[in-house]
Student: 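Here it is, the structure, as structure tokens.
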Amino acid sequence: MLKKRWAAAAAAAAGLVLLTACGSGGSSGGSGGAVTLGFAQVGAESGWRTANTKSIQESAKTAGIELKFSDAQQKQENQISAIRSYIQQKVKVIAFSPVVESGWDTVLKEAKNANIPVILTDRAIDSPDKSLYKTFLGSDFVAEGKKAGEWLTKEFGSATGQVNIVELQGTTGSAPANDRKKGFGDVIAADPKYKIVASQTGEFTRAKGKEVMEAFLKSQPKIDVLYAHNDDMALGAIEAIEAAGKVPGKDIKIVSVDAVKDGMQALADGKINHIVECNPLLGPQLMDLVKKVAAGEQVPARIETQETEFDSAAAKAALPQRQY
């Protein structure tokens, strides 16, 4: 009896699957009329990026959006081929976080010609043709750099001699690296005592951050401050500073951007002095935009995420509830 009932249920389910499959037109971008989103991620270079990916995957599931996901491993050519693949698959919407700012016009024109709207997440592109994408969702990286610079000028406001700064930049050519450098530079330029004595990319990774900081410590006799474009590089740099027999947070003050859990822990422990937040949990906002864009609704050209800053006390208070 049970077997019969199970067989009937299975047959009904199969019929249901058949119905939904027949009901979905090839170009509707998904089974059963569900919106299909092709998302081309930068990679998994940091704790921030991992949290960003998780937020996108979980939010797509919750929103009932069919997600096609690819990891570009920080290579632009991988992202371009992923976007071309999404165009061939006739997805409803394409979203991606561009590895670098330039070199997207050709592939985005292909998406536009295929009538597939594009959403930029987290990172912008430098194309003058704003018709190639519907909207940008993410942070104001220049503002983040400015906040880091403002903290520094308050912290060292009473210093009389030169303040020597080393900078760990993000991936060369990426929007966050360009903008965080600019925002920070604009603020400290107001006072000649602040001098960036060394600046190099740490590629947003912990391993490279450590390697570059080791080189800075060897080449620079006096370092007062480290400005890291993300927490992972700052955490790598902390290892290098400790290995050199110095105390991070005291001998060398550290200001960073992101506020991921490991960075916040280092801030709570006094190894980092200040963190400017960059929120990776863009998934819910992105899925809302995907639905609107797929339905042909008008959306704002730019949507910014809400973010704050943390000192050691604020990090201690926030850590127990921190999602990433």
Student: Nearest 0.5 Å, what's the CD1-CD1 distance between Ile116 and Ile94?
Tutor: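 Between atom CD1 of Ile116 and atom CD1 of Ile94 there are 4.5 Å.
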Student: Checking the side chain of Lys271 only, and the main-chain atoms of Val247 only, is there a donor and an acceptor separated by less than 3.5 Å?
Tutor: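 Judged by distance alone, no pair lies under 3.5 Å.
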Student: State whether the side chain of Lys291 and the backbone N or O of Ala63 hold a donor-acceptor pair below 3.5 Å, judged by distance alone.
Tutor: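 Judged by distance alone, yes, a pair lies under 3.5 Å.
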Student: What distance separates Gln265 CD from Asp269 CG, expressed to the nearest 0.5 Å?
Tutor: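 Here the interatomic distance stands at 4.5 Å.
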Student: So, taking the atom named NZ in Lys193 and the one named CG in Asn164, what distance separates them when rounded to the nearest 0.5 Å?
Tutor: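 Reported to 0.5 Å precision, the distance equals 12.5 Å.
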Student: With no hydrogens and no angle check, is any side-chain donor or acceptor of Lys146 less than 3.5 Å from a backbone partner on Lys182?
Tutor: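 Judged by distance alone, no pair lies under 3.5 Å.
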Student: Using a 6.0 Å cut-off, check whether atom NZ of Lys292 has over 12 heavy atoms from anything other than its own residue.
Tutor: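 Counting other residues, nucleotides and ligands, NZ of Lys292 stays at 12 neighbours or fewer.
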Student: Going hydrophobic residue to hydrophobic residue with side-chain gaps under 4.5 angstrom, can you get from Ile165 over to Val257?
Tutor: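 Yes.
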Student: Working note: Met233 + Lys208, criterion side chain to side chain contact (heavy atoms under 4.5 Å, CB included); need CA distance, chi angles, decisive distance, verdict.
Tutor: CA-CA 7 Å; Met233 292 189 295; Lys208 193 72 178 171; over 6 Å; no
Student: Answer yes or no: is there a side-chain heavy-atom contact under 4.5 Å between Lys134 and Val118?
Tutor: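 Contact flag for Lys134/Val118 side chains = no.
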Student: Between Ile252 and Asp224, is there a side-chain heavy-atom distance shorter than 4.5 Å?
Tutor: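 A side-chain contact is absent here, since even the closest heavy-atom pair is not under 4.5 Å.
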Student: Quick check: does any side chain N or O of Glu167 sit under 3.5 Å from a backbone N or O of Ser199, one acting as donor and the other as acceptor?
Tutor: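 Pair absent, no side-chain N/O of Glu167 close to backbone of Ser199.
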Student: State whether the side chain of Gln79 and the backbone N or O of Ser97 hold a donor-acceptor pair below 3.5 Å, judged by distance alone.
Tutor: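 Checked: pair present.
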Student: Picking from Asn279, Leu286, Leu282, what satisfies side chain to side chain contact (heavy atoms under 4.5 Å, CB included) with Asp122?
Tutor: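 Per the side chain to side chain contact (heavy atoms under 4.5 Å, CB included) rule, the option paired with Asp122 is Leu282, out of Asn279, Leu286, Leu282.
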Student: Can you see whether Tyr324 engages Arg322 through a side-chain donor-acceptor pair at a distance of less than 3.5 angstrom?
Tutor: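 Their side chains do contain a donor-acceptor pair, which is all the 3.5 Å distance test asks for.
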Student: Looking only at heavy atoms, what is the nearest atom pair of Ala40 and Ile83, with distance?
Tutor: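 What the structure gives for the nearest pair is CB-CG1, 4.4 Å.
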Student: For Ala266 and Ile238, work out which heavy atoms get closest and say how close.
Tutor: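 Distance-wise, the nearest heavy atoms are CB-CD1, 4.1 Å.
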Student: Are any of the side-chain heavy atoms of Tyr194 and Gln162 separated by less than 4.5 Å?
Tutor: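 Answer no - side chains too far apart.
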Student: Mind listing the closest non-hydrogen atom pair of Ser55 and Pro280 along with its distance?
Tutor: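 Ser55 and Pro280 have their closest heavy atoms at CB-O, 4.2 Å.
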Student: Report the distance from atom CG of Asp126 to atom OG of Ser102, rounding to the nearest 0.5 Å.
Tutor: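 Taking CG in Asp126 and OG in Ser102, the distance rounds to 5.0 Å.
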Student: Return the minimal non-hydrogen interatomic distance between Ile275 and Ala259, and the atom names on each side.
Tutor: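 Between these two residues, the closest heavy atoms are CG2-N, 3.3 Å.
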Student: Is it the case that Thr153 and Glu155 place a side-chain donor and acceptor less than 3.5 Å from each other?
Tutor: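 No, no side-chain donor-acceptor contact under 3.5 Å.
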Student: Answer yes if the ring centres of Phe184 and Tyr227 are under 6.0 angstrom apart, and no otherwise.
Tutor: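 Between Tyr227 and Phe184, which both carry aromatic rings, the centre distance is below 6.0 Å.
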Student: Is it the case that over 12 heavy atoms from other parts of the model lie below 6.0 angstrom from the CD atom of Gln298?
Tutor: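 No, the 6.0 Å shell around CD holds no more than 12 heavy atoms from other groups.
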Student: Is it the case that Thr201 and Gln169 place a side-chain donor and acceptor less than 3.5 Å from each other?
Tutor: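 Side chains of Thr201 and Gln169: no pair found under 3.5 Å.
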Student: State, with a plain yes or no, whether a side-chain heavy atom of Lys246 is found less than 4.5 Å away from one of Glu242.
Tutor: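 With C-beta onward as the side chain, the pair stays apart.
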Student: What do the steps show when you test Ile254 against His274 for side chain to side chain contact (heavy atoms under 4.5 Å, CB included), and what is the final call?
Tutor: CA-CA 7 Å; Ile254 300 174; His274 194 78; over 6 Å; no
Student: If you compare all heavy atoms of Ala315 against all heavy atoms of Leu267, which two are closest, and at what distance to 0.1 Å?
Tutor: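 So the minimum-distance heavy-atom pair works out to CB-CD2, 3.6 Å.
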Student: Should the pair Lys181-Glu144 be classified as a salt bridge under the 4.0 Å nitrogen-to-oxygen rule?
Tutor: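 Looking at Glu144 together with Lys181, the answer is no, because their closest N to O distance does not fall below 4.0 Å.
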Student: Do Ile303 and Ile65 share a hydrophobic cluster, counting only Ile, Leu, Val, Met, Phe, Trp and Tyr and linking them when any side-chain heavy atoms are less than 4.5 Å apart?
Tutor: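 Yes, one cluster joins them.
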Student: Inspect the contact between Lys147 and Glu150 and indicate whether a charged nitrogen and a carboxylate oxygen are less than 4.0 angstrom apart.
Tutor: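 Salt bridge flag = no for Lys147 with Glu150.
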Student: Any donor-acceptor pair under 3.5 Å linking the side chain of Asp179 with the backbone of Phe141?
Tutor: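 Not at all, since once roles are kept as given, no pair shorter than 3.5 Å links the two residues.
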Student: Under 4.5 Å between any side-chain heavy atoms of Thr135 and Leu289, yes or no?
Tutor: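 Thr135 vs Leu289: side chains touch.
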Student: Is Lys130 reaching over with its side chain to a backbone N or O of Ser127, donor-acceptor style, under 3.5 angstrom?
Tutor: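 Looks like yes, one N/O pair under 3.5 Å.
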Student: Test Lys75 against Val99 for side chain to side chain contact (heavy atoms under 4.5 Å, CB included), laying out the working first.
Tutor: CA-CA 7 Å; Lys75 291 187 173 73; Val99 176; over 6 Å; no
Student: Strictly distance-based, threshold 3.5 Å: is any side-chain N or O of Arg123 a donor or acceptor partner for the main-chain N or O of Gly138?
Tutor: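 No, the answer is negative, given that no donor and acceptor are paired below the 3.5 Å cut-off.
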Student: Please verify the inter-ring angle class for Phe69 with Phe39; under 30° counts as parallel, over 60° as perpendicular, anything in between as tilted.
Tutor: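 Answer is parallel, since the angle falls under 30°.
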Student: Does either side chain, that of Glu58 or that of Thr62, offer a donor lying less than 3.5 Å from an acceptor on the other one?
Tutor: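 The criterion, which ignores hydrogens and geometry beyond distance, is not satisfied for Thr62 and Glu58.
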Student: Within the 4.5 Å heavy-atom criterion, are Leu226 and Val255 side-chain neighbours or not?
Tutor: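 Counting from C-beta outward, Leu226 and Val255 never come under 4.5 Å.
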Student: Are Val166 and Val163 in one and the same hydrophobic cluster, where Ile, Leu, Val, Met, Phe, Trp and Tyr link if side-chain heavy atoms are under 4.5 Å apart?
Tutor: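 Different clusters: Val166 never reaches Val163 through Ile, Leu, Val, Met, Phe, Trp or Tyr contacts under 4.5 Å.
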Student: Say whether Val299 and Met287 are linked into one hydrophobic cluster, either directly or through other cluster members, by side-chain heavy-atom distances under 4.5 angstrom.
Tutor: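 In one cluster with Val299: Met287, yes.
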Student: With distance as the sole test, does Ser174 use its side chain to make a donor-acceptor pair with the main-chain N or O of Gly170 at under 3.5 Å?
Tutor: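 Answer holds: no.
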Student: Consider only side-chain N and O atoms of Gln73 and Asp71, and report whether a donor and an acceptor are under 3.5 Å apart.
Tutor: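 Side-chain D/A pair, Gln73 to Asp71: absent.
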Student: Taking atom NZ as the centre, does Lys253 end up with more than 12 heavy-atom neighbours from other residues, nucleotides or ligands that are less than 6.0 angstrom away?
Tutor: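 More than 12 within 6.0 Å, yes.
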Student: Do you know which two heavy atoms are closest between Ile125 and Pro98, and how far apart they sit?
Tutor: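 Heavy atoms of Ile125 and Pro98 come nearest at CG2-CG, 3.6 Å.
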Student: Rounded to the nearest 0.5 Å, how far does CG of Leu281 lie from CD1 of Ile56?
Tutor: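 Those atoms lie 10.0 Å apart.
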Student: With heavy-atom distances below 4.5 Å as the criterion, would you say the side chains of Leu37 and Tyr86 are in contact?
Tutor: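 Side chain of Leu37 against side chain of Tyr86, heavy atoms only: no contact under 4.5 Å found.
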Student: Closer than 3.5 angstrom, by distance alone: can the side chain of Asp258 be matched with the main-chain N or O of Val260 as a donor-acceptor pair?
Tutor: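 Not a single qualifying donor-acceptor pair exists.
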Student: Taking atom CD of Glu297 as the centre, does the number of heavy atoms from other residues, nucleotides or ligands within less than 6.0 Å exceed 12?
Tutor: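 Correct, the count exceeds 12.
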Student: For a side chain to side chain contact (heavy atoms under 4.5 Å, CB included) check, start with the C-alpha distance between Phe96 and Leu108, then their side-chain angles and the critical distance, and finish with the verdict.
Tutor: CA-CA 11 Å; Phe96 76 112; Leu108 293 187; 3.9 Å; yes
Student: Regarding Glu304 and Ser139, is there a side-chain donor-to-acceptor distance under 3.5 Å anywhere?
Tutor: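 Result is no, nothing qualifies.
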Student: Between Glu101 and Asn178, is any side-chain donor less than 3.5 angstrom from a side-chain acceptor?
Tutor: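 Side chains of Glu101 and Asn178: pair found under 3.5 Å.
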Student: Are Leu168 and Trp48 joined in one hydrophobic group, where the rule is that I, L, V, M, F, W and Y side chains link up if heavy atoms are under 4.5 Å apart?
Tutor: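 Leu168 and Trp48: separate clusters.
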Student: Assess whether a salt bridge exists between Lys112 and Glu110, defined as any Lys/Arg side-chain N lying under 4.0 Å from an Asp/Glu carboxylate O.
Tutor: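 Looking at Glu110 together with Lys112, the answer is no, because their closest N to O distance does not fall below 4.0 Å.
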Student: Return yes if a side-chain donor-acceptor contact under 3.5 Å exists between Thr205 and Asp232, otherwise no.
Tutor: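 Thr205 vs Asp232: no donor-acceptor pair found between side chains.
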Student: Distance from Leu235 atom CG to Arg206 atom CZ, nearest 0.5 Å?
Tutor: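 The CG atom of Leu235 sits 4.5 Å away from the CZ atom of Arg206.
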